[in-house]
Amino acid sequence: MLKGKHIILGITGSIAAYKAAYLTRLLIKKGAEVQIVITPAGKEFITPVTLSALTGKPVVSEFFTANSGEWHSHVDLGLWADAMIVAPATASTIAKMANGVADNMLITTYLSAKAPVFVAPAMDLDMYKHPSTQANLKKLQSYGNYIIEPASGFLASGLEGKGRMEEPEKIVEYLEQFFSKGALFAGKRVMVTAGPTYEKIDPVRFIGNYSSGKMGYAIAEAFASQGAEVTLISGPVNLSCSSAIERIDVKSAKEMCAVAMSKFETSDIAIMCAAVADYAPKEYSTSKIKRHGEMTVELVPNPDIAATLGAVKKENQILAGFALESDDEESNATLKLQKKNLDFIVLNSLADKGACFGYDTNKITIISKNGEKESYPLKNKKEVAQDIVAYTLKLKK
Ligand code: C5P
């Protein structure tokens, strides 16, 4: 259930910080990708070197890297995460979280996190019982955060009572249960095409387009985080995806079509997000074409992958496409939906600022085969992907 999940582990200044190393290990063993964010006090209890050796990623603690001045974006981290766990969570960090005291990277990340947040308190029994701590924990619950209650037992102070951070195995169990409940697409196979295609002219030249692949990758991640088995058929892009996703790299439209055809047979859902080149050079020159005055490259149409799948689509399959339009947007998108036999089409307009190629944001309208329309405001592509997943859920067969 945790395979491929992006998890932020927030570590604070408690003696239980040593257990965070084991928690990290367990999460990684389950296939999660873990990013540690540690408070300055947390570093007094456990070294970032230990933690980064376990996660394979630098530990984030400061807003800036001292030497280079490089800024660490808590906003990007907050969007990257499928879950944030604060373990151990001290009384001080809990109070800061409850009241938005954003004076360290852990709290700014918490305030930016869109994912569910889990808090595993660790403190002395009297600190835990104090009405202030209890009120702060209630506040966190009222924000929708999940409190992983501490256990009772011997405490570092020598006292005995409630306040010991829950054992790492139990925290992992808690998360697994949480994610199995939220897995809206468990057991479903989803295929996503993404990015541009490159159509070769000669060994050094091609016809391509500006597609970054960000939208398709975000859709693949969004389905995977809902428990779907995702295959991402990707054109040449500069992106990476979580290990839970089967990624198949292709270059040309023909290659993409062949892979998509074979994967579609066993897919429940296919989202065609790639910006496939409509044409490819008729001839491929095996040697580099020399400059020789005017030249013409003759083009032939590529297969329409979405339409090819639409023609063989079975009753129990959902097929969706994208339409990038500059004029008569809705009527053009509707025509495409019909021609390709799609269940719904996601329309983005070139006229919208901040939408489409290269941007991190997008503004979409979804049109269904029944002609129903739903328009969404400009959002981050990750949130747009979640809207598309939620829309697909309504049609799930
Ligand atoms: O016809 P148009 O290219 O505008 O249609 C866009 C939709 O069709 C997108 O979903 C795109 O991924 C898909 N498509 C395709 N194969 C093509 C062209 C477009 O799958 N050759």
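Keep in mind the model is a prediction, meaning the values are calculated, not measured. Both counts, for ligands and for their atoms, begin at 1 and track the order of listing.
Take Asp268 and apply the side chain to side chain donor-acceptor pair (under 3.5 Å) test, not counting sequence neighbours, and it matches no residue. The side chain to side chain donor-acceptor pair (under 3.5 Å) test applied to Thr50 returns Thr47, not counting sequence neighbours. Residues that satisfy the side chain to side chain donor-acceptor pair (under 3.5 Å) test with Gln134, not counting sequence neighbours, are absent from this structure.
Cation-pi geometry between Lys162 and Tyr128 is not satisfied (NZ or CZ under 6.0 Å from the ring centre, within 45° of the ring normal).
Across all non-hydrogen atoms, the minimal contact from Ala89 to Val119 is CB-CG1, 3.6 Å.
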Close N/O pairs between ligand 1 and protein, under 3.5 Å:
unit_1, atom_1, unit_2, atom_2, d
ligand 1, 1 (O), Lys340, NZ, 2.9
ligand 1, 4 (O), Lys336, NZ, 2.5
ligand 1, 5 (O), Lys340, NZ, 3.0
ligand 1, 8 (O), Lys340, NZ, 3.1
ligand 1, 10 (O), Met272, O, 2.6
ligand 1, 10 (O), Phe322, N, 2.7
ligand 1, 10 (O), Phe322, O, 3.4
ligand 1, 12 (O), Met272, O, 3.3
ligand 1, 12 (O), Ala274, O, 2.6
ligand 1, 16 (N), Ile305, N, 2.9
ligand 1, 20 (O), Ala306, N, 2.9
ligand 1, 21 (N), Pro303, O, 2.8

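Ring pair Tyr146/Phe118 is parallel by interplanar angle, where below 30° counts as parallel and above 60° as perpendicular.
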